[in-house]
Amino acid sequence: MQTPDAGLSLETITVGAGYDPASAGGAAKPPAYLTSTFVYPSAAAAKDLHAAFFDGAATTAKGWIYGRLGHPNLDIVEARLAALDGAEDTACFASGMAAVSAALLALLGPGDTVLMSRPIYGGTDALIGGELPRFGIRGFGFADGCDADAIRRAADEAQAAGPIGLIWIETPANPTAAVVDIALVARIADEIGVATGRRPLVAVDNTFLGPFVQRPLAHGADLVMTSLTKYAGGHSDLLAGGLSGSAALIARLKAFRTLVGSTLDAHSAWLLTRSLETMHLRTERAAANAAAIAGFLADHPKVASVTWLGFLGQGTPARAAFERQASGAGSTFSFRIRGGEAEAFRLLDALQVLKMAVSLGGTETLICHPASTTHYAVPRARREAAGIDDATLRVSVGIEAAADLIADLSRALEAV
Ligand SMILES: *Cc1c(COP(=O)(O)O)cnc(C)c1O
């Protein structure tokens, strides 16, 4: 069995990590263990298993008890993702938002504050702004994630309302591609720790780039959240989320997961394990397609602007942070058509190959109009401040032939 410390490349690790064929009758690939419960071999073994689960190191018993607590497919996918993220351990959840809520609810207490980058995923924003205040937890945002003074100002404001328990950042942001400097945020967390005696944990939503392109733990983050529904699942056929970090932090999150019941199910875990084997190939191909499409759009007279990461201005703090912490520009970006909603809708309705849907990271290219879909519930002023207006379209580029995608866009732009 390949282990994370075997000195192998991520591309090799992702094909085998976490699974030993000898554990399943020599099956070359992991079976899907579609069972909700596990039979104990003896009463004493049952007691040992419970002692191992609830008391940690008390016994060396290995096995499973009940699907919500853990199961073989979960162990395999978590070992694989931990290796990819460069983490001691990973916890997988029934969706990305189940992972986000576990982190926020398990690691924060009444009176704590959350410091966060803006714009941030709508679900995360609604959870922090709409649900956490009932538990006495408040969120404070900063808009320029590469400006130390702006982050420190927001931190001071948060700290005045209560101790900062968690700094939650998303980089690059959706759909504006705003970059947050992970190492800078980690340094500011250290400063807060020195000043207050409590160092906030730094969590990074890494959904847009994933572990082959950006590994936040290596830049000082404590926790990486990934919506595995997107590039990791990669085929738009499952929902899953992951949190990677230190063994102690992940143990706490797994205990919380058992109680709220948001464990990833065996079938999705099995699909995800298979998907991780090709993630690097899919993300490379999609990124190459995205570069070609971004170039085509940037040169088109009916397109006003393109926010593909590869176009970040040379010499800017965002470019420097992007080059330090990411090895590629990913394949989800936005562009603005000349005009407004009417022109955007005419383009969308004329497309034949690109599919009109929310979500991202699948093999197929998806396009949507954020103002009327993903960001429908965000008030116009907040939406526009975040760089999303009626002319903005978001595209998640898939692995089809780039020429077909460009021909479809070209034809549809003629129809606008
Ligand atoms: C989709 C997404 C999430 C939420 O993940 P789900 O799997 O849909 O629950 C969180 N963050 C980002 C950036 C996302 O794109």
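When a residue number appears, it is its place in the shown sequence, counting from 1. Numbering of ligands and ligand atoms starts at 1, following listing order. Only this structure's heavy atoms are used, side chains among them; waters, hydrogens and symmetry mates stay out.
Stacking of Arg257 on the aromatic ring of Phe93 is recorded, both the 6.0 Å distance cut-off and the 45° axial limit being met.
The minimum heavy-atom distance between Leu81 and Cys92, with the atom names listed, is CD2-SG, 4.2 Å.
Checked options Asp205, Ile169, Ile120; the residue passing with Val180 is Ile169 (criterion: side chain to side chain contact (heavy atoms under 4.5 Å, CB included)).
A salt bridge is absent between Arg138 and Asp112; no separation between the charged side-chain nitrogens and carboxylate oxygens falls under 4.0 Å. Taking the charged nitrogens against the carboxylate oxygens, Asp389 and Arg380 have no contact shorter than 4.0 Å, which rules out a salt bridge. Under the 4.0 Å criterion applied to side-chain N and carboxylate O atoms, Glu277 and Arg274 are not assigned as salt-bridge partners.
For atom 9 (O) of ligand 1, the closest non-hydrogen atom on the protein side is Met97 N, 2.8 Å. Remark: minimum distance from atom 15 (O) of ligand 1 to any protein heavy atom is reached at Lys230 NZ, 2.8 Å. Summary of contacts: the protein heavy atom closest to atom 5 (O) of ligand 1 is Ser227 OG, 3.0 Å. When hydrogens are left out, the protein atom nearest atom 8 (O) of ligand 1 is Tyr121 OH, 3.9 Å; that is the closest non-hydrogen contact. Among all protein heavy atoms, the one lying closest to atom 6 (P) of ligand 1 is Gly96 N, 3.3 Å. In this structure, the protein non-hydrogen atom closest to atom 7 (O) of ligand 1 is Thr229 OG1, 2.6 Å.
Which parts of ligand 1 touch Phe208 is read off a 4.0 Å heavy-atom cut-off, strictly below it: atoms 13 (C), 15 (O). Near Ser95, meaning under 4.0 Å from any of its heavy atoms, are these atoms of ligand 1: 7 (O), 9 (O). The Glu170 neighbourhood of ligand 1 comprises atoms 13 (C), with distances under 4.0 Å to a heavy atom of that residue.
Taking the six-membered ring where tryptophan is involved, the planes of Phe333 and Phe335 are tilted, since the angle between them lies from 30° to 60°. By the 30° and 60° cut-offs, the orientation of the rings of Phe345 relative to His369 is perpendicular.
At least one heavy atom of Asp205 lies less than 4.0 angstrom from ligand 1.
Considering backbone and side-chain N/O of Asn174, none are found under 3.5 Å from N/O of ligand 1.
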